[in-house]
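In what follows, every chain begins at residue 1, and chains take the letters A, B, ... in the order their sequences are listed.
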Protein chains: 2
Amino acid sequence: MTNTRQTMTPRRAPRGEYAKSRETREAILDAALEVFAEAGYRSGSLREIASRVGMSEAGVLHHFRNKVALLEAVLEHRDDNSRLLVPIESDDGAAVLRGLVQLAAHNASIPGVVELYCTLSAEGTSPDHPAHGYFVRRYEYTRANIERAFTALEADGRLRAGMTPRRGAVTMIAMMDGLQVQWLLDRSVVDMAQELRDLFSAFVDIDWDAQGSVASEEEGSA
Amino acid sequence: MTNTRQTMTPRRAPRGEYAKSRETREAILDAALEVFAEAGYRSGSLREIASRVGMSEAGVLHHFRNKVALLEAVLEHRDDNSRLLVPIESDDGAAVLRGLVQLAAHNASIPGVVELYCTLSAEGTSPDHPAHGYFVRRYEYTRANIERAFTALEADGRLRAGMTPRRGAVTMIAMMDGLQVQWLLDRSVVDMAQELRDLFSAFVDIDWDAQGSVASEEEGSA
DNA sequence: GTCTATATGGCGATAGAC
DNA sequence: GTCTATCGCCATATAGAC
C-alpha cells in the first residue's frame, strides 16, 4: 500500500495541541490492533476500542472517519514495521530469506500482531471484506519478491535440484502462515523461526549467520 | 470429539415426521456451514442461516438449542468426512501421507469447507472462542498421528537425513493451513495437492501412486 | 415443527453541547 | 477534542399461538 505520506514527513517532535492529538491517534491505533486481533474486524467493536483507550466512541470517530478507515490505518501502521526487518526488495536473495527468519523470531515477541494478521487474513479471504483487496495485493507482492530472491540464489547455484523459485516462495509464505496458527493455539509446541530455518536449509544453501543488519541493505533497494 | 452417538445408530432409513426433521436438520447444518465459512462464527448470524434454509430464527433454534450448539454440530458433522479420506491412525506411514495429499486434492472441490476451517481455526486461536478447545485438541491429535506416521517411515529408512518425525508433522500441517490461505485469496495461484506432494517428496521417500483406497486401511486402525 | 411477537442488549454513526 | 444523547439497525433467545 502507499505509505509515502508518513515517511516523507521529517517527523520532528510535534508540540502543543498537535502533539496531544498525535498521541491520542496512536493510542487508538494500539487499542484497535488489540481488539481486531482478538475478535477480528467484524466482531471487534468501536465500543471496546474506545473503552480500552479510555474515551467514548464519538471521541474515537473524531480521529477516524469510520470503522473501515480505522482498520486501514491499523494495517498501514503495522506494515512499515515488517519492512524495517525484511529487505524484501533487495537483490541479495540470502538477505531476504534471513530477514524472513528474523521476522519470525521477532514476531514471537509480539503475539498481538501475529494474531492480528492471522485473524484478518483469514477473515479477508471473503471477497466482501473491507481488507480483501489489501490481502490479495499483499500476498501477491510478497510472493513476487520472495520468488525474485530465490531466482537470485538459483543464479548462484545455491538452489537445490528439484526446487523452483516459484515453489520456494509459495512454500515459504505458507509455512509462515501455518506455523502461526499452531503457535497461537499452543506456543510451547513450535519455535517458528527455528522451523522456518530448518525447512529452508533443506532446499537452499545459505549462511544463516551472515551479519543481518537491514539498514544497510535498505539503501540499495527501491 | 465424541461422535459415537451417530455411528452407533444403525441408521435405517427414517420415516414419517422423523424423516422430515432429519432433512431439516441437515439443511440447517449445510446453511450454517456456508455462513460460518463466509463470515466466521462470531459474525455469522442465525438470521442469515435461517433465511438461507427458508425458515425463521425460532425454527432453527427448535433444532439446535443455541448458536454454540449449532457450531459444535457443524464441526462434528464435517469431521467424520476427513476421516473417510485419511487413515490418520493407520500404522502405514506412507498411506497417511498419501491420504493427506488426497485430502488436499479433494478439498479443492469444496471451497466452502476449506473456508470454514481456515476462518474458524483463526478465530479459534482466541482462548474465549467457543471452538478454542476443539481446535487445540484437533491440532494436537493430528500432529501426534502424523508424527507417528513419520516415525514409521523413519524405521523403514525412508526419512531423509536431517528430517525428524516431529518436524515433519509440524511442517505438513503448517503447509496445509498456509496453502489454503493463498488458495482462498487467489485459486489460480496454487495447486494445493501438488505443492504438498512436491514438498514432502523432498524429505521422505514415498511411492505416491500406490493404490490409496482408504476403506481397506480403516479396518486395521482403531 | 414452525411461526409471530417480544424482551434485551450491542452495534455504528450522527448531532450538538461544552 | 471530547463528551452525552440519540437514532436505527441487527443480534440471540424466549414465550406462546397454531
Starting at atom CD of A/Glu57, determine the distance to atom C1' of C/dA15, rounded to an integer number of angstrom.
-> 15 Å
Under 4.0 Å between a side-chain N or O of A/Ser43 and OP1 or OP2 of C/dC11?
-> no
Of all the nucleotides listed (D/dA13, D/dC10, C/dG12), which has the minimum atom distance to the side chain of B/Arg47?
-> D/dC10
Can you figure out which of D/dG1, C/dG1, D/dA13 approaches the side chain of A/Ser21 most closely?
-> D/dG1
Between the main-chain N or O of A/Ser45 and the side-chain N or O of A/Lys67, is there a donor-acceptor pair closer than 3.5 Å?
-> no
For A/Arg187, does the CZ atom sit with more than 12 other heavy atoms under 6.0 Å from it, leaving out its own atoms?
-> yes
Write down the distance between CG (A/Leu70) and P (C/dC11), rounded to a whole number of angstrom.
-> 15 Å
Quickly work out the B/Leu46 CG to C/dT2 C1' distance and round it to whole Å.
-> 16 Å
From D/dT14, C/dT2, D/dG1, nucleotide with atom closest to A/His63 side chain | D/dG1
What's the verdict on side-chain hydrogen bond (donor to acceptor under 3.5 Å, both in side chains) for A/Glu76 and A/Tyr134, showing C-alpha distance, side-chain angles and the deciding distance?
-> CA-CA 10 Å; A/Glu76 264 180 39; A/Tyr134 168 84; over 6 Å; no
Length of the CZ-P vector between B/Arg25 and C/dG1, whole Å | 11 Å
Please assess B/Thr171 against A/Asp198 for the test side chain to side chain contact (heavy atoms under 4.5 Å, CB included), listing each intermediate value before the final yes or no.
-> CA-CA 10 Å; B/Thr171 304; A/Asp198 284 350; over 6 Å; no
Report the distance from atom NE2 of A/His62 to atom C1' of D/dT4, rounded to the nearest whole Å.
-> 16 Å
Start with the C-alpha distance between B/Leu120 and B/Tyr41, add both sets of side-chain angles, then the distance that settles side chain to side chain contact (heavy atoms under 4.5 Å, CB included), and finish with yes or no.
-> CA-CA 7 Å; B/Leu120 288 190; B/Tyr41 169 75; 3.9 Å; yes
Length of the CG-C1' vector between B/Asn66 and D/dT12, whole Å | 9 Å
Mind telling me whether A/Phe150 and A/Phe200 have parallel, tilted or perpendicular rings, with 30° and 60° as the class edges?
-> tilted
Report the end-to-end axis angle of the helix from C/dG1-D/dC18 to C/dC18-D/dG1; each axis comes from five terminal pairs, and the value is rounded to 10°.
-> 0°
More 5' along DNA chain C: A/Leu61 or B/Ser56, using each one's nearest nucleotide?
-> B/Ser56
Polar side-chain atom of B/Glu123 near backbone of B/Arg42 as donor-acceptor pair, under 3.5 Å | yes
Please determine, for the side chain of A/Lys67, which listed nucleotide (C/dG12, D/dA13, D/dT2) has the closest atom?
-> C/dG12
CE of B/Met55 versus C1' of C/dC3: gap in Å, rounded?
-> 9 Å
Here the distance between atom P of D/dA13 and atom CZ of B/Phe64, to the nearest Å, is 14 Å
